[in-house]
Protein chains: 2
Amino acid sequence: MEGGRAPGHRAGLTRTAVLRAARELLSEHGLAGLSMRALAARLDVAPNALYSHVANKTALLDALLDDVLAGVETPAADIEDPAAALHRLMASTYTVLLDHSDLVPLYLSRQGAHGPNAQRLGEITAALLRRADVTEPTEALRVLIVYTIGFAAFTSHLPPGAGTEQQPSAAEMRGNFDRGLDWLLTGIRAAADRR
Amino acid sequence: MEGGRAPGHRAGLTRTAVLRAARELLSEHGLAGLSMRALAARLDVAPNALYSHVANKTALLDALLDDVLAGVETPAADIEDPAAALHRLMASTYTVLLDHSDLVPLYLSRQGAHGPNAQRLGEITAALLRRADVTEPTEALRVLIVYTIGFAAFTSHLPPGAGTEQQPSAAEMRGNFDRGLDWLLTGIRAAADRR
DNA sequence: ACCTGAACACCGTTCAAGT
DNA sequence: ACCTGAACACCGTTCAAGT
């Protein structure tokens with residue numbers, strides 16, 4: 001009687017609740033811990049009840065992937081220095097991906113997300129590349145995306161105590177990412193200037 | 001009596017035979033089809049018999065990963081143009097990875113292979129970077145490896161009939177890879193020249 | 001419309017026992 | 001040393017049935 005939106009005695013499961021529980025399960029137990037059965041158990045529901053709210057596990061994961069990208073910091077459309085803005089945009093993407101490192105392997109196996117957030121980021125990046133007079137903005141966009149997700153995938157799989165030659169620390173990888181991003185953007189602009 | 005090396009009536013399983021069967025299973029049914037049970041069935045053996053020859057599934061996959069790298073074409077140690085040799089080496093790696101596209105996701109989740117073949121390739125690449133007067137050969141090496149495996153991972157997951165804006169064809173991806181590799185090597189050399 | 005019980009067709013791995 | 005039978009503790013998904 002006090003405003004609860006579930007009138008009856010049913011579980012009152014929601015798609016939103018399913019996705020939230022999936023995120024919690026993921027951050028607590030990793031990708032391996034996110035099974036449909038574990039998810040159902042956490043929601044006090046039979047495993048197959050989930051299929052009333054998500055088509056299947058793949059669809060659930062796709063929704064999770066696109067949601068994460070909402071956290072990427074995007075520059076204003078009329079920013080002065082498009083080259084610097086490109087660096088910041090990719091760096092922010094890298095940060096956000098690593099904040100959800102359990103999901104990173106999935107970005108790779110699906111070639112990124114494809115929901116509304118992913119689409120928006122792609123358009124912003126393409127616009128910046130055009131404003132930076134890059135001759136092949138479509139190719140450069142793909143290279144930057146692959147580079148960023150690939151690097152995040154490598155970094156996300158580091159074991160907790162790392163710092164050897166074979167297993168660099170996350171901080172070292174971050175440094176490598178930034179340096180490589182500079183090299184890439186330098187090379188892209190050199191090609192544009194040469195035209 | 002005619003030279004068979006298995007004297008008795010046992011299966012006569014070998015580590016080599018297990019690995020070979022795993023490669024066959026992989027190329028025929030993909031990574032999802034490579035289960036320990038399917039592998040045992042193909043070898044007419046109980047599932048747990050495999051554990052006499054490989055420690056577990058992870059060890060089996062690690063061996064598979066390093067084996068593939070034996071196919072990468074390496075330049076002579078005294079090649080004239082180290083920059084061009086670097087491009088060819090990474091391009092050959094990309095080709096070899098895509099020839100075994102089912103394994104590519106595994107390279108990522110384990111940050112490359114770590115067997116003898118992987119080690120040898122790493123040393124050759126590092127030597128080329130030093131000969132090209134790159135100021136940070138270790139960082140450049142990691143960036144190149146991540147770039148190559150990352151790109152292969154993207155390409156390897158393309159659905160058979162591809163060619164749209166969202167889903168480029170494998171040929172387009174190959175072009176993107178080469179262009180991006182040029183950009184990267186250009187940026188790396190620009191940093192070296194600037195010093 | 002949403003949820004349950006039960007089942008189907010699988011996994012990787014371990015253990016005790018045989019030869 | 002190598003293999004088997006049997007089991008343990010899981011998976012994702014579907015189907016028929018209930019409310």
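By convention in this document, chain letters (A, B, ...) are assigned in the order of the sequence lines, proteins followed by strands, and residues within each chain are numbered from 1. Predicted model only: the values in this text are computed from it and were never measured. Note: hydrogens, waters and symmetry copies are ignored here, and every other heavy atom, side chains too, is used.
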*Distance-only donor-acceptor check, side chains A:D182 and A:H87, under 3.5 Å*: yes
*Indicate yes or no for a side-chain donor-acceptor contact from B:Y107 to the backbone of B:A113 under 3.5 Å, with no hydrogens or angles considered.*
no
*Quickly work out the B:H53 NE2 to D:dC3 C1' distance and round it to whole Å.*
9 Å
_side-chain hydrogen bond (donor to acceptor under 3.5 Å, both in side chains) partners of residues 94-103 of chain A, not counting sequence neighbours, each pair once_ = A:Y94-A:T155, A:T95-A:R174
*If you check the A:V45 side chain, which of D:dC2, D:dT4, C:dT4 turns out closest?*
C:dT4
*Which dot-bracket notation, 5' to 3', represents the base pairing of DNA chain D when pairs are defined as Watson-Crick or G-U with both distances under 3.5 Å, crossing pairs as [ ], and inter-strand pairs as |?*
||.|||||...|||||.||
*To the nearest Å, give me how far apart CG (B:L43) and P (D:dT4) are.*
10 Å
Output a table of nitrogen or oxygen pairs between the protein and nucleotides 11-17 of chain D separated by less than 3.5 Å.
from   : atom 1 : to    : atom 2 : distance (Å)
D:dC11 : OP1    : A:S35 : OG     : 3.1
D:dG12 : OP1    : A:M36 : N      : 3.2
D:dG12 : OP1    : A:K57 : NZ     : 2.9
D:dG12 : OP2    : A:M36 : N      : 2.9
D:dG12 : OP2    : A:R37 : N      : 3.4
D:dG12 : N7     : A:R37 : NH1    : 2.5
D:dG12 : O6     : A:R37 : NH1    : 2.8
D:dT13 : OP2    : A:Y51 : OH     : 2.6
D:dT13 : OP2    : A:K57 : N      : 3.3
D:dT13 : O5'    : A:Y51 : OH     : 3.3
D:dT14 : O4     : A:N48 : ND2    : 3.3
D:dC15 : N4     : A:N48 : ND2    : 3.1

*Taking only residues two or more places apart in sequence or in another chain, which ones pass salt bridge (charged side-chain N to carboxylate O under 4.0 Å, His left out) with B:E136?*
A:R179
_Is it the case that the side chain of B:R110 and the backbone of B:T58 share a donor-acceptor pair, with hydrogens and angles ignored and the cut-off at 3.5 Å?_
yes
*Would you list the pairs meeting side-chain hydrogen bond (donor to acceptor under 3.5 Å, both in side chains) in which at least one residue belongs to residues 25-38 of chain A, sequence neighbours left out?*
A:E28-A:R42
*Please name all residues satisfying salt bridge (charged side-chain N to carboxylate O under 4.0 Å, His left out) with A:R23, sequence neighbours left out, ordered by chain then number.*
A:D67
*With rounding to whole Å, what would you report as the distance between D:dC8 and C:dC11 at their C1' atoms?*
12 Å
*Quickly work out the B:L50 CG to D:dA1 C1' distance and round it to whole Å.*
16 Å
_Nearest heavy-atom neighbours spanning A:P75 and A:I124_ = CD-CG2, 4.3 Å
*Distance in angstrom units between A:D44 CG and C:dT4 C1', rounded*: 14 Å
